[in-house]
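Below is one structure, written out as structure tokens; the observations come after it.
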Amino acid sequence: MRQPVFFNTLGRRLEPLEPLVPGQVRIYTCGPTVYDRAHIGNLRTFLFEDLLNRSLRFMGYEVTQVMNLTDVDDRTIQRSQDTGKSLDEITVPVTEAFFSDLDALAIQRADHYPKATEHIAEMIALIERLIAAGYAYESGGSIFFRIAEDDDYGRLSGFDLGQVRQGERVVSDNYDKEDVRDFVLWKAAKPGEPSWESPWGAGRPGWHIECSAMSMKYLGESFDIHCGGVDNIFPHHENEIAQSESATGKPFVRTWIHAEHLIVDGQKMSKSLGNFYTLGDLIEQGADPRAIRYLMLSVHYRDKLNFTLEALEAANGALKRLDEMRFRLAHTGASPGESRLVASVEKMLEAFETALAHDLNVSESLAALFGLVREVNTAIDGGAVVEGDREHVMTALARVDEVLGVLDPEAWRTEAESEGLADDNIDALVAEREQARADRQWGRADEIRDQLQGAGIVLEDARDGTRWKRQ
RNA sequence: GGCGACGUGGCCAAGUGGUAAGGCAAGGGUCUGCAAAACCCUCAUUCGCCGGUUCGAAUCCGGCCGUCGCCUCCA
């Protein structure tokens, strides 16, 4: 089993993965706040996590992934009050849309999607442990974490809170805290807000405690990897560490991996700039989700991803090249003889995995793949494809697609695209045109070609006959 | 003010000490009844700038310039 290295935010360096249980990796990934549809920036992070899971499985690890659904927070409550809808009326449809976005991008499902509102008891229990140990205190019905008690607070983000500028957001926080740096674990209910009963009266959990409680419930008090967007490093993940380790006295997470943000046309995505997109927006504008997946996968997760129309076009072009190779290989004849491709395929697989194991260097994995594409193409042109080569290459493509999830065009074909002429009819027309060409009936041949083109069928007249493809 | 990231060909993007992967675009060629599609080839003496270390640096160190992120509930 390959031992990958990842960039651990805690320590800021590459480290080999050493799962607490050999061969098994437990991962917690911060999920969406389901008050509104996910934007493509959110999806980039989820796609990175999909890549991480798939890569680990590719290398032979057993992966357990948990992703929380934050279904109560300030924004959700605000939305509820603005619209007069209940929390559920807001979060249920958004959650459905979230899963449909995951499906559209071929993101594999996590093992658990715990909802905050269904784990209030676990959160209360964790808060009680913190109070009992002196790490938390009650004030006005709310509970706060006492940062002064946590001597290694700040080691993930590198922030020394004594040096941190005390911004307006802190000052304007109206809760009565011992220390402005303290963060809230439990919020006393305000009139009209949704609330749950607790030993301290009605209230609701703070955001940070949610992730600590749910990750521990499903993955244990110590686990291997915790992911999220870079913006979560401080304060969210810093606070998770503080709460969790103060409560359990054990190391919380061994490896923290954070995904950089996506920007659009060189600028931070924001509604005021008009460059704020959901997946649905892009699909409406004609973007292919398959190309979106390819594009987001092809840029390293720790680099900012500049999402542009041009980049999406390049992704389309790259996919086309891959499709063509597969298409040509499927239609080429094989002759008996010694295969030259077997060694190339093995080399590609080896390079592909090595690159992934090095902090998910997909660019390099893809380079290995394209190296094989050229060799296969050259073999096809030279008539050097032998028996068994096709299966060998196809098997290897299926293998790397366990990670990439973009190589099989059939898997991405929508119903609309599958409609139209049936394959048999197309085959018959192509055969008729072949006959017309043999008879030098150019008029009839071109007529058929135009007819098929009108139906979205492209013909390729190659040396060993005509082949066709859709679109 | 504090902490951090990044700057490689027209665009995107690998490469963290040994002499610049890959994709898109572009140019040339091949195939073809004509086309189309496709394939093949070519395409950075150079890695923001200036110094330094080294036999050797895009890679390490120092400085400068530029872009960007976080700094209490934004993936």
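Just so we're on the same page: letters track the sequence lines, and every chain starts at 1. Excluded from the calculations below are hydrogen atoms, water molecules and symmetry mates; all remaining heavy atoms, backbone and side chain alike, are included.
You'll find that the side chain of A:Arg75 is closest to B:A75, out of B:C70, B:A75, B:G33. Nearest to the side chain of A:Asn42, among B:A14, B:A75, B:U32, sits B:A75. Closest to the side chain of A:Phe183, out of B:U72, B:C39, B:G23, is B:U72. Side-chain proximity of A:Arg181 to the nucleotides B:U72, B:G33, B:A75 is greatest for B:U72. Nearest nucleotide to the A:Ala445 side chain, out of B:G33, B:G15, B:G4: B:G33. The side chain of A:Lys304 has B:C68 as its nearest neighbour among B:C24, B:C68, B:C71. Distance from the side chain of A:Thr33 is smallest to B:A75 among B:C3, B:A37, B:A75. The A:Glu364 side chain lies nearest to B:G15 when the options are B:G4, B:G15, B:C74.
Using a 4.0 Å heavy-atom distance criterion, A:Glu310 is classed as a sugar-phosphate-only contact. Across all strands shown, A:Leu262 has heavy atoms under 4.0 Å from base atoms, whether or not it also approaches the sugar-phosphate. Backbone-only engagement by A:Gly228 is indicated by non-hydrogen atom pairs under 4.0 Å involving sugar-phosphate atoms exclusively. A:Asn361 comes within 4.0 angstrom of sugar-phosphate atoms only, judged by non-hydrogen atoms across all strands, and of no base. Nucleic acid contact for A:Ala367: base, since at least one base atom lies under 4.0 Å from a heavy atom of the residue. Base contact: A:Leu459 has a heavy atom under 4.0 Å from a base atom. Within the nucleic acid shown, A:Arg37 has no heavy atom closer than 4.0 Å to any nucleic acid atom. Within the 4.0 angstrom heavy-atom criterion, only backbone atoms of the sugar-phosphate kind lie near A:His300; the bases stay farther away. Contacts of A:Thr308 with the nucleic acid, taken as non-hydrogen atoms under 4.0 Å apart, are absent.
In this structure, A:Leu305 places its CG atom 21 Å from P of B:U67, rounding to the nearest Å. Between the CZ atom of A:Arg328 and the C1' atom of B:C31 there is a distance of 10 Å, rounded to whole Å. Rounded to whole Å, atom P of B:A37 lies 7 Å from atom NZ of A:Lys320. The separation between A:Asp450 atom CG and B:C34 atom C1' is 12 Å, rounded to whole Å. Rounded to a whole Å, the CD1 atom of A:Ile263 is 11 Å from the C1' atom of B:C6. Summarising the geometry, the separation between CZ on A:Arg44 and C1' on B:G69 is reported as 13 Å, rounded to the nearest angstrom. Note: CZ (A:Arg433) to P (B:U32) measures 14 Å, nearest angstrom. Look at CG on A:Leu312: it is 14 Å from C1' on B:G23, rounded to the nearest Å.
Residue-to-nucleotide contacts include a donor-acceptor pair under 3.5 Å from the side chain of A:Arg449 to the base of B:A35. For A:Arg374 and B:C41, a side-chain-to-base donor-acceptor distance below 3.5 Å is absent, hydrogens and geometry of angles not being considered. Between the side chain of A:Ser363 and the base of B:A14 there is no donor-acceptor pair of N/O atoms closer than 3.5 Å. At a cut-off of 3.5 angstrom, counting only N and O atoms as typed in the model, there is no donor on one side facing an acceptor on the other between the side-chain of A:Asp446 and the base of B:A35.
A salt bridge between A:Asp103 and A:Arg109 is present, with a side-chain N of the basic residue lying under 4.0 Å from a carboxylate O of the acidic one.
One finds the CG atom of A:Leu372 at 5.0 Å from the CE atom of A:Met348 (value rounded to the nearest 0.5 Å). Taking CD1 from A:Ile257 and CZ from A:Phe6, the interatomic distance works out to 5.0 Å, rounded to the nearest 0.5 Å. In this structure, CE on A:Met394 lies 10.5 Å from CG on A:Leu407, to the nearest 0.5 angstrom.
Stacking here means ring centres nearer than 5.5 Å and ring planes tilted less than 30 degrees, and by that measure A:Phe46 does not stack onto B:A75. Stacking here means ring centres nearer than 5.5 Å and ring planes tilted less than 30 degrees, and by that measure A:His261 does not stack onto B:G69.
Annotation: B:C6 and B:U59 have their P atoms spaced 13 Å apart (nearest Å). B:U16 and B:G52: their P atoms are spaced 25 Å apart (whole Å). The gap from the C1' atom of B:C34 to that of B:A21 amounts to 39 Å, rounded to the nearest Å. Remark: the separation of the C1' atoms in B:G4 and B:U45 is 35 Å, to the nearest Å. A gap of 10 Å separates the P atoms of B:C40 and B:C24, to the nearest Å. Taking atom C1' on both B:A26 and B:G10, the two are 9 Å apart, rounded to the nearest angstrom. Nucleotides B:G48 and B:U42 are separated by 28 Å at their C1' atoms, to the nearest Å. Separating the C1' atom of B:A44 from that of B:A14 is a span of 14 Å, rounded to the nearest Å.
At the phosphate of B:C39, OP1 or OP2 sits under 4.0 Å from a side-chain N or O atom of A:Arg321. Contact check, A:Asn316 against B:C24: no side-chain N or O comes under 4.0 Å of OP1 or OP2.
Partners of A:Asp427 according to the side-chain hydrogen bond (donor to acceptor under 3.5 Å, both in side chains) rule, which considers only residues two or more places apart in sequence or in another chain, are A:Trp468.
A donor-acceptor pair under 3.5 Å is absent between the side-chain atoms of A:Asp381 and the main chain of A:Thr378, judged by distance alone. A distance-only check finds no donor-acceptor pair linking the side chain of A:Asn361 to the backbone of A:Leu356 [under 3.5 Å]. In this structure, the side chain of A:Asp303 does not engage the main chain of A:His300 through any donor-acceptor pair within 3.5 Å. Checked by atom type and distance alone, the side chain of A:Ser363 never pairs as donor or acceptor with a backbone atom of A:Val299 at under 3.5 Å.
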Its dot-bracket string being built from Watson-Crick and G-U pairs below 3.5 Å, with | for another strand and [ ] for crossing, RNA chain B has the pattern ((((((((.[[[..)..(...]]].(((((.......))))).....[[[[[..)....]]]]])))))))....
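For the pair A:Arg399 and A:Phe58, the distance from NZ or CZ to the six-membered ring centre is under 6.0 Å and the angle to the ring normal is within 45 degrees.
Counting only N and O atoms by type, the side chains of A:Thr117 and A:Arg204 include no donor and acceptor under 3.5 Å apart.
Between A:Phe370 and A:Glu375, the residue anchored closer to the 5' end of RNA chain B is A:Phe370, taking for each the nucleotide with the nearest heavy atom. Closest-nucleotide positions on RNA chain B for A:Ser157 and A:Gly206 were compared, and the one nearer the 5' end corresponds to A:Ser157.
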